[in-house]
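Within every chain, numbering begins at 1; the chains are lettered A, B, ... in the order of the sequence lines, protein sequences first and strands thereafter.
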Amino acid sequence: MNSSLNAMADSLVILDFETTGLSPTQGDRAIEIGAVRIVNGQITDRFQELMNPGRRISGFIEDYTGISNDMLTDAAPCHEVMARFADFIGQDNLVAHNASFDKRFLDAELALINRDYPGDFTCSLLLARRLYQQAPNHKLGGLISYKNIASDGAFHRALFDAEMTVKLWLVMLDDINADYGISKVPFSLIKKVTKTPKKSVNDLLSNWSPL
DNA sequence: TGCCAGGCCCTCTTTAGGGCCTT
């Protein structure tokens with residue numbers, strides 16, 4: 001991990017995978033990656049590609065994502081897409097909703113092509129669970145509704161979910177600023193919040209100082 | 001054909017179990 005390299009840039013890549021299933025250790029593969037780069041809170045770049053996992057996907061995944069086997073037939077293979085995505089990530093830190101899931105697939109797919117990334121990963125789900133403890137649930141779609149964030153597309157496509165995660169992320173940073181007066185929330189502080197027990201988060205943010 | 005995972009987090013906990021999230 002090398003988050004210190006990125007501290008000055010305040011550049012993040014927020015990403016989302018669609019996959020053949022839940023576990024790369026059980027043979028599941030990525031079928032789509034969507035990602036958005038934000039620099040100082042502004043979207044500066046996007047990445048979206050389908051990828052061919054080399055096998056047919058299940059009817060459940062076709063229904064869940066709207067990605068069909070026909071759509072994947074002409075897609076580039078995973079190793080080509082993931083190489084381009086590794087280039088896209090660059091030195092940036094990474095965010096995903098339920099990051100443990102996306103990190104498993106990112107690590108597994110990059111390991112297959114002997115690539116890696118230097119940045120650190122954090123999770124919008126863990127942050128939301130701490131900031132919005134009264135929310136009815138902490139699914140991405142549920143949080144979008146809870147915060148009255150506009151959405152006019154289909155969840156469970158990679159770029160759309162990444163875009164929604166960006167909107168949620170920026171709202172969470174705004175709420176931290178509004179509630180605790182922290183105008184530029186360092187990535188390192190977010191990491192600390194996501195590892196802090198829920199009952200202690202208010203104290204952590206209330207007492208935090210950049211110095 | 002049928003089935004599959006794993007990290008987080010709460011509690012009726014810690015020698016455990018189960019719900020929440022992700023596809």
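Along DNA chain B, the nucleotide closest to A:Leu126 and the one closest to A:His138 are compared, and the more 5′ of them pairs with A:Leu126. Closest-nucleotide positions on DNA chain B for A:Leu125 and A:Lys199 were compared, and the one nearer the 5' end corresponds to A:Lys199.
Here the separation of B:dT14 from B:dC9, taken at their C1' atoms, is 14 Å to the nearest Å. Only the C1' atoms considered, B:dT23 is 11 Å distant from B:dA5, to the nearest whole Å. A gap of 16 Å separates the P atoms of B:dG19 and B:dT13, to the nearest Å. Comparing the same atom, P, in B:dC4 and in B:dC8 gives a spacing of 23 Å after rounding to whole Å. Between the P atoms of B:dG6 and B:dG2, the separation comes to 24 Å (whole Å). B:dG18 and B:dC12: their C1' atoms are spaced 12 Å apart (whole Å).
Side-chain polar atoms of A:Asn202 and A:Tyr180 form a donor-acceptor pair below 3.5 angstrom. No side-chain N or O of A:Asp92 forms a donor-acceptor pair with one of A:Tyr117 less than 3.5 Å apart. With hydrogens and angles left out, the side-chain atoms of A:Asp28 and A:Thr20 include a donor and acceptor closer than 3.5 Å. A donor-acceptor pair shorter than 3.5 Å cannot be found between the side chains of A:His97 and A:Thr165.
Of the charged side-chain nitrogens involved, none lies within less than 4.0 Å of a carboxylate oxygen, so that A:Arg115 and A:Glu109 do not count as a salt-bridged pair. A salt bridge does not link A:Asp16 with A:Arg157: none of the charged nitrogens is closer than 4.0 Å to a carboxylate oxygen.
Among the protein residues, A:Gln26 comes within range of the nucleic acid bases, having at least one heavy atom under 4.0 Å from a base atom. Residue-level contact check: A:Asp102 touches neither bases nor backbone, having no heavy atom under 4.0 Å from any strand. Residue contacts shown for A:Thr20 are absent, as no nucleic acid heavy atom lies under 4.0 Å away. Residue A:Asp28 is classed as having no contact, given no heavy-atom separation below 4.0 Å to the nucleic acid. Using a 4.0 Å heavy-atom criterion, one finds that A:Phe17 contacts the sugar-phosphate atoms exclusively. Counting non-hydrogen atoms under 4.0 angstrom, A:Leu140 reaches the backbone sugars and phosphates but no base.
Once you apply a 4.0 Å limit to the heavy atoms of chain A, the touched nucleotides of DNA chain B run 5' to 3' over B:dC4 to B:dT23.
Ring geometry for A:Phe88 against A:Phe47 counts as tilted: the plane angle lies between 30° and 60°, on a 0 to 90° scale.
Contacts of residues 146-176 of chain A with DNA chain B (heavy atom under 4.0 Å): A:His156, A:Asp161.
Here A:His138 pairs with nothing under the ring-ring contact (aromatic ring centres under 6.0 Å, His included) rule; sequence neighbours left out.
Hydrophobic clustering of Ile, Leu, Val, Met, Phe, Trp and Tyr side chains at less than 4.5 Å, counting indirect connections, unites A:Ile43 with A:Ile144.
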